[in-house]
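Just so you know, residue 1 is the first one in the sequence shown, and it goes up from there. One-based numbering, in listed order, for ligands and for the atoms of each.
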Amino acid sequence: MAENKSYNILIACTGSVATIKLSLLTESLLLNNKIAQIRIIVTNHAKHFYNPEDIPKNVEVYCDEDEWKTWNKRGDPVLHIELAKWADMLVIAPLDANTLAKIANGLCDNLLTCVVRAWDIKKPLIFCPAMNTKMWDHPITSQHISILESWGYTLVPCIAKTLMCGDTGIGAMAEVQTITQRVLDKLKSL
Ligand code: PCO
């Protein structure tokens with residue numbers, strides 16, 4: 001990590017109830033002076049799980065519709081490319097089973113997956129899955145995770161707890177403190 005350099009962090013949330021932790025994660029990361037600016041991407045399903053008023057006012061939140069607000073004609077900026085270039089690090093927390101599968105297979109049908117598809121794999125990408133235990137236990141999950149790890153992306157593993165659906169088991173997103181620590185560790189290696 002360069003002495004006085006500070007970094008742009010892009011946080012992304014997908015359609016898991018663990019998106020309720022978005023404001024906590026944002027605030028936790030903003031406490032660190034190595035982080036210059038945070039921007040957030042939410043998928044349409046993530047919108048069910050957070051309150052925009054809880055997000056700090058200096059943090060911009062982007063969604064799929066914004067892709068088309070900024071682009072009208074040839075030469076206009078393309079939001080997913082701009083965001084992929086702007087960010088020094090991408091933190092996907094939570095990463096739901098569906099978006100994990102899409103990323104592992106190269107699909108890009110919304111703002112977040114387009115950013116990931118355009119991501120320079122030399123830059124750090126941290127992903128924090130969250131899903132029901134039955135989904136976690138299915139063999140396709142570890143296959144998808146291995147694909148992301150093979151590109152150098154960093155897994156922050158799920159933890160066990162009583163999930164929102166009442167089942168108890170592995171599948172909850174890692175604690176905010178754990179994710180923050182992984183982000184700061186990664187920044188040190190830049
Ligand atoms: C339940 N699915 C889930 C998703 C993951 N859950 C979590 C935690 C939260 C509370 O600490 C919701 C953040 O349980 O990450 O619960 C059924 S599909």
Side-chain angles (χ1 to χ4, degrees), residues 9-32 35 38-56 59-64 87 89-105 107-113 115-116 119 124-149 151 153-187:
I9 310 289
L10 189 56
I11 300 176
C13 289
T14 65
S16 160
V17 61
T19 292
I20 58 177
K21 301 268 178 90
L22 173 59
S23 60
L24 281 179
L25 177 63
T26 307
E27 281 159 12
S28 161
L29 289 172
L30 279 174
L31 289 176
N32 194 280
I35 296 178
I38 293 183
R39 290 179 180 174
I40 294 171
I41 296 177
V42 290
T43 64
N44 282 336
H45 291 315
K47 287 181 181 175
H48 293 287
F49 301 112
Y50 84 103
N51 181 353
E53 293 185 358
D54 295 338
I55 306 301
V59 173
E60 195 74 45
V61 181
Y62 297 90
C63 63
D64 291 357
M89 183 188 296
L90 175 58
V91 183
I92 312 177
L95 176 57
D96 67 27
N98 186 49
T99 308
L100 171 63
K102 289 203 279 188
I103 293 172
N105 286 284
L107 299 183
C108 40
D109 62 352
N110 61 19
L111 179 61
L112 170 59
T113 50
V115 168
V116 176
W119 192 249
L125 184 154
I126 294 179
F127 64 103
C128 314
M131 62 192 77
N132 177 270
T133 307
K134 295 245 181 271
M135 289 180 165
W136 178 259
D137 285 343
H138 191 284
I140 196 85
T141 307
S142 57
Q143 285 182 23
H144 288 159
I145 287 175
S146 301
I147 292 174
L148 271 64
E149 289 184 313
W151 300 328
Y153 300 168
T154 303
L155 166 69
V156 184
C158 292
I159 57 173
K161 62 164 74 164
T162 300
L163 303 172
M164 277 297 164
C165 51
D167 291 356
T168 300
I170 191 143
M173 188 174 78
E175 298 295 353
V176 165
Q177 209 185 342
T178 312
I179 299 169
T180 303
Q181 197 50 55
R182 294 307 294 268
V183 170
L184 299 181
D185 290 347
K186 270 280 160 205
L187 286 179

task = Measure A18 to ligand 1 on non-hydrogen atoms and call it side chain, backbone, both or neither using the 4.0 Å cut-off.
result = both
request  = State, with a plain yes or no, whether a side-chain heavy atom of P56 is found less than 4.5 Å away from one of E27.
outcome  =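 Side-chain contact under 4.5 Å: yes.
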task = Check the angle between the aromatic planes of Y153 and W151 and answer parallel, tilted or perpendicular using the 30° and 60° thresholds.
result = perpendicular
key: Heavy-atom nearest neighbour of atom 16 (O) of ligand 1 within options K21, K134, M135, M164   =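 When every heavy atom of K21, K134, M135, M164 is considered, M164 comes closest to atom 16 (O) of ligand 1.
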Provide, to 0.1 Å, the distance between [atom] and the closest protein heavy atom, together with that atom's residue and name.
{"atom": "atom 18 (S) of ligand 1", "result": "N132 CB, 3.4 Å"}
{"atom": "atom 8 (C) of ligand 1", "result": "A172 CB, 3.8 Å"}
{"atom": "atom 1 (C) of ligand 1", "result": "C165 SG, 3.2 Å"}

Roughly how far apart are [X] [atom1] and [Y] [atom2], rounded to 0.5 Å?
{"X": "I147", "Y": "S142", "atom1": "CD1", "atom2": "OG", "answer": "10.0 Å"}
{"X": "N110", "Y": "T99", "atom1": "CG", "atom2": "OG1", "answer": "6.5 Å"}
{"X": "M89", "Y": "I35", "atom1": "CE", "atom2": "CD1", "answer": "7.5 Å"}
{"X": "L90", "Y": "L125", "atom1": "CG", "atom2": "CG", "answer": "4.5 Å"}

query = Should the heavy atoms of other residues, nucleotides or ligands under 6.0 Å from CD of E149 be counted, would the total exceed 12?
reply = yes
Interfacing atoms of ligand 1 (cut-off 4.0 Å, heavy-atom, [X]):
{"X": "G171", "value": "5 (C)"}
{"X": "V17", "value": "3 (C), 4 (C), 12 (C), 16 (O)"}
{"X": "M173", "value": "7 (C), 15 (O)"}

ask   = Short N/O distance, under 3.5 Å, between K161 and ligand 1?
value =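 Yes, K161 has an N/O under 3.5 Å of an N/O on ligand 1.
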ask   = Can you find a protein heavy atom closer to atom 5 (C) of ligand 1 than 4.0 Å?
value =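 Protein heavy atoms within 4.0 Å of atom 5 (C) of ligand 1 - there is at least one.
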